[in-house]
Amino acid sequence: ELNYKELRIAEIRAGYNNNDVAHCVGISKQAFYNKIAGRTDFKSSEIKKISAFLKLSPEDVNRIFFDGMVN
């Protein structure tokens, strides 16, 4: 399950916003908002692009995209 608060923190730290991240992934703003609202899931390829764009550590990726799924 996506931890949107942690994603926003990572975006702010990197100096970006949701629109920047959507553009880096190659999806529309609406598609991105559907993903952060939980209506659709991020694909693994999208997670990889976001991770590289925001320079996320593996721990960040787990906390943001897999929050509560892995103990």
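Just so you know, these numbers use all the heavy atoms, side chains as well, and skip hydrogens, waters and symmetry mates. Keep in mind that this is a model prediction, so the values were computed, not measured.
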Undergrad: Applying side chain to side chain donor-acceptor pair (under 3.5 Å) as the test, list every pair that has at least one member in residues 30-40; sequence neighbours left out.
TA: Q30-N34, N34-R39, K35-E46

Undergrad: If the test is side chain to side chain contact (heavy atoms under 4.5 Å, CB included), which one of I47, V61, N62 qualifies with L56?
TA: V61

Undergrad: Report yes if the side chains of L54 and L7 come closer than 4.5 Å at any heavy-atom pair, otherwise no.
TA: yes

Undergrad: To the nearest 0.5 angstrom, please state how far the NE2 atom of H23 sits from the CG atom of N18.
TA: 14.5 Å

Undergrad: Quick one: are D20 and F53 in side-chain contact, heavy atoms under 4.5 Å?
TA: yes

Undergrad: What heavy-atom pair brings V21 and I50 nearest, and what distance separates the two atoms?
TA: CG1-CG1, 3.7 Å

Undergrad: Mind checking side chain to side chain contact (heavy atoms under 4.5 Å, CB included) for N3 and listing every partner two or more places apart, or none if nothing turns up?
TA: K5, E6, D67

Undergrad: Would you give me the side-chain donor-acceptor pairs under 3.5 Å for residues 8-16, sequence neighbours excluded?
TA:
| from | atom 1 | to | atom 2 | distance (Å) |
| --- | --- | --- | --- | --- |
| R8 | NH1 | E11 | OE1 | 2.4 |

Undergrad: Could you walk me through whether I36 and F42 pass the side-chain contact (heavy atoms from CB on, under 4.5 Å) check?
TA: CA-CA 9 Å; I36 60 176; F42 282 97; 4.2 Å; yes

Undergrad: Are any of the side-chain heavy atoms of F66 and L2 separated by less than 4.5 Å?
TA: no

Undergrad: Mind checking what makes side chain to side chain contact (heavy atoms under 4.5 Å, CB included) contact with S57, not counting sequence neighbours?
TA: E59, D60

Undergrad: Looking only at non-hydrogen atoms, find the nearest pair between A22 and S28 and report the distance.
TA: CB-O, 4.0 Å

Undergrad: Drop me the distance from C24's SG to F32's CZ, to the nearest 0.5 angstrom.
TA: 8.5 Å

